[in-house]
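Numbers for residues simply follow the sequence, beginning at 1.
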Amino acid sequence: MEYVEEGPYRFRIAPRGSMRVPGVVFASRALLRDAEKSLEQVVDVAALPGIVEASYAMPDVHWGYGFPIGGVAATDTGDGGVVSPGGVGFDISCGVRLLAADCDRRSLEPVLPSLMDGLGRVVPRGAGPGGVWPVTGAQLDRILRDGSRYAVEEGHGEERDLRRCEDGGAVADADPERVDDRARERGLGQVGSLGSGNHFLEVQQVAEVYDEPVAAAFGLAAGQVCVMIHCGSRGLGHQICSDHVRLMDRAMARYGITVPDRQLACAPVDSPEGRAYLGAMAAAANYGRANRQLLAEAARQVFRREAGASLALVYDVSHNLAKIETHPVRGRPRRLCVHRKGATRAFPPGHPELPGDLRAVGQPVLIPGTMGTASYVLTGVPGGGAFHSTCHGAGRVMSRHQAARTVGGKQLRERLEADGIAVRPVSWRGLAEETPEAYKDVTEVVAASEGAGLGRKVARLVPLGVVKG
């Protein structure tokens, strides 16, 4: 793949063939070493009808379904712009929630083993059913419409949780009627569950603060204990993506749309198919928010019981969504459908969608590392690129099968616990698949994001214990 270095941490792929816009990749040369397949996907995405500015890739970019993971693309809804389920992914509203405890590592250390045992018992994990909150069909409808707001209304959280959650805890315009029976069936028994793969609940310590005033506004301080939760909309979101990829694949010919890869199946944003997908996607996003809300409540109960500590929400943000947003394009405000797949929205200080207590400092951006490595908290910056987007994690460099061949789960657990990290896995195979060597260096990914002007570091968090899906 040919690309030119335009500036620090910025590479450009010139338009060719069916590309309507260039590809722009924010990365270092080292991070691009194994990115050939994902850069081909950046090129394919640049052919989407209505795409504006560029097909963007974040520093953690790697191969995905249709879109690369770490891909950002916006289409102009007033100029034939499309929405593509592949630009969101199967785990709709997969995201990260960070909570800060009112205790430090020293006070937690004596009870850490019992705390981790308690978290391991209460957090449902694995590929099948099982959730913290058994719900009825009518309750599931409310979750799909109102997300975390409904969970808090039912006593699973506090009002402050909604102020510190993206979109106030629920995406607008959710349409539960667009969620079919099979998706509902899959979601009914999984409210408040981690799932499997790279999902986790991690107990962490704030090891370093880079910007004390911003960290204080977020509710973070050096030495403080935190809890980070990474999960999404489980089987319900997966089913919605599968259903709508099929529907759009059949509809494209009717709209005269051709794409270089069928995994990029799409439809005009304002078409019946486009509106149906966005309504179902928003419902799945609300399910994802409620899912993390319930897991946070389960963690709060264990912290109160084992450590006499409370947990306050720092922020909850998704990294697999398509949002209708207004951004300037060639000097004019345009209504865009912004796809972020494995990419985090990063609003700057002063943005009207930020909660009042964060508006002066910018949006918290939560970047999980891998087991045994640091995670980071960033903040959005003025003039942030790619429609105010940044990376979402470390980014895979090894398939799960390859990773499991490099290390055994028991061996990995021994290694992590020798480093002082308590591990509570659901299976040895699942643990091995997430070995740190399967991922890029998250510190380098964050440095590239900061160097490219996509965000600014606020704090570094290190793991004390992990509950693994």
Heavy atoms of Leu354 and Phe347 approach each other most closely as CD2-CB, 4.0 Å
Inter-residue atom distance Ser399.OG - Glu433.CD, 0.5 Å rounding | 9.0 Å
Do you know which two heavy atoms are closest between Pro364 and Val314, and how far apart they sit?
-> CG-O, 4.4 Å
Between the main-chain N or O of Cys337 and the side-chain N or O of Glu325, is there a donor-acceptor pair closer than 3.5 Å?
-> no
Test item: Ser271 side-chain N/O and Gly274 main-chain N/O as donor-acceptor pair under 3.5 Å | yes
Least distance between heavy atoms, Ser233 atom then Asp91 atom = N-OD1, 2.9 Å
Between Leu313 and Arg97 the two heavy atoms that sit nearest each other are CD1-CG, 3.3 Å
So His62 and Asp34, side chain to side chain donor-acceptor pair (under 3.5 Å) or not? Walk me through it.
-> CA-CA 8 Å; His62 54 291; Asp34 302 313; over 6 Å; no
By ring pair (Phe, Tyr, Trp, His ring centres under 6.0 Å), which residues pair with Phe11, not counting sequence neighbours?
-> Tyr3
Check whether any side-chain N or O of Ser389 sits under 3.5 Å from a backbone N or O of Ala386 as a donor-acceptor pair, and report yes or no.
-> yes
Residue of the set Met228, Met371, Arg424 for which side chain to side chain contact (heavy atoms under 4.5 Å, CB included) holds with Phe200 = Met228
Does the Arg125 side chain pair with the main chain of Val123, one donor and one acceptor, at a distance under 3.5 Å?
-> yes
Non-hydrogen side-chain atoms of Arg16 and Val43 separated by less than 4.5 Å = yes
State the CG-SG distance between Asn198 and Cys94, to the nearest 0.5 angstrom.
-> 6.5 Å
Do Thr77 side-chain atoms and Arg335 backbone N/O form a donor-acceptor pair below 3.5 Å?
-> yes
For Leu194, does its backbone N or O pair with a side-chain atom of His199 as donor and acceptor, under 3.5 Å?
-> yes
Value for OG1 (Thr75) from CG (Leu336), rounded to nearest 0.5 Å, stands at 7.0 Å
Taken in chain and number order and not counting sequence neighbours, the residues that satisfy side chain to side chain donor-acceptor pair (under 3.5 Å) with Asp167 are Arg289, Lys323
Where at least one partner belongs to residues 435-451, residue pairs that pass salt bridge (Lys or Arg N to Asp or Glu O under 4.0 Å), sequence neighbours excluded = Arg415-Glu437
Could you walk me through whether Ile367 and Leu378 pass the side chain to side chain contact (heavy atoms under 4.5 Å, CB included) check?
-> CA-CA 8 Å; Ile367 311 296; Leu378 281 63; 3.8 Å; yes
Tell me yes or no: between the side chains of Arg405 and His401, is some donor less than 3.5 Å from an acceptor?
-> yes
Heavy-atom side-chain proximity of Cys391 to Leu454 below 4.5 angstrom = no
What residues form a side chain to side chain donor-acceptor pair (under 3.5 Å) with Tyr439, not counting sequence neighbours?
-> Arg396, Glu434
I would like to know whether Glu2 and Ile13 meet side chain to side chain contact (heavy atoms under 4.5 Å, CB included); could you show each step before the answer?
-> CA-CA 7 Å; Glu2 291 184 12; Ile13 303 169; over 6 Å; no
Would a distance-only check, ignoring hydrogens and angles, find a side-chain to backbone donor-acceptor pair under 3.5 Å from Ser28 to Tyr9?
-> no
Go through the steps to decide whether Arg334 and Thr326 satisfy the test side chain to side chain contact (heavy atoms under 4.5 Å, CB included), and finish with yes or no.
-> CA-CA 5 Å; Arg334 303 297 296 175; Thr326 299; over 6 Å; no
Do Asn320 side-chain atoms and Gly342 backbone N/O form a donor-acceptor pair below 3.5 Å?
-> yes
Distance in Å, His244 NE2 paired with Tyr277 OH, rounded so as to fall on 0.5 Å steps = 8.0 Å
Donor-acceptor pair, side chain of Gln239 and main chain of Arg186, under 3.5 angstrom | no
CG (Asp146) and CG (Leu162) are apart, to the nearest 0.5 Å, by 10.5 Å
Output the distance between atom CG (Asn286) and atom CE (Met281), rounded to the nearest 0.5 Å.
-> 9.5 Å
Non-hydrogen side-chain atoms of His238 and Ser242 separated by less than 4.5 Å | yes
Taking side chain as C-beta onward, heavy atoms only, is Val407 less than 4.5 Å from Leu412?
-> yes
Stepwise, does the side chain to side chain donor-acceptor pair (under 3.5 Å) test hold for Asp161 with Gln293?
-> CA-CA 8 Å; Asp161 292 342; Gln293 181 72 36; 2.8 Å; yes
Give the minimum heavy-atom separation between Lys457 and Asp211, together with the two atoms involved.
-> O-CB, 4.3 Å
Listed by chain and number, what are the ring pair (Phe, Tyr, Trp, His ring centres under 6.0 Å) partners of His392, not counting sequence neighbours?
-> His319
Using atom types as modelled and distance alone, determine if a side-chain donor or acceptor of Arg149 lies under 3.5 Å from a backbone N or O of Gly168.
-> yes
Is there side-chain contact between Leu431 and Val426, with heavy atoms separated by less than 4.5 Å?
-> no
Angle class for the Phe387/His327 ring planes (parallel below 30°, perpendicular above 60°, tilted otherwise)?
-> perpendicular
Side-chain contact, heavy-atom cut-off 4.5 Å: Phe67 with Gln41?
-> no
Extract all donor-acceptor atom pairs below 3.5 Å that involve side chains of residues 44-56 and protein atoms in other chains or at least two apart in sequence.
unit_1	atom_1	unit_2	atom_2	d
Glu53	OE1	Tyr56	OH	2.8
Ser55	OG	Val42	O	2.8

Arg429 atom CZ, over 12 foreign heavy atoms within 6.0 Å | yes
Does the ring-ring contact (aromatic ring centres under 6.0 Å, His included) test come out yes or no for Phe218 and Tyr315, once each step is laid out?
-> CA-CA 8 Å; Phe218 288 177; Tyr315 207 63; 8.0 Å; no
Atom of Cys231, atom of Ser193 and distance for their closest heavy-atom approach | SG-O, 4.2 Å
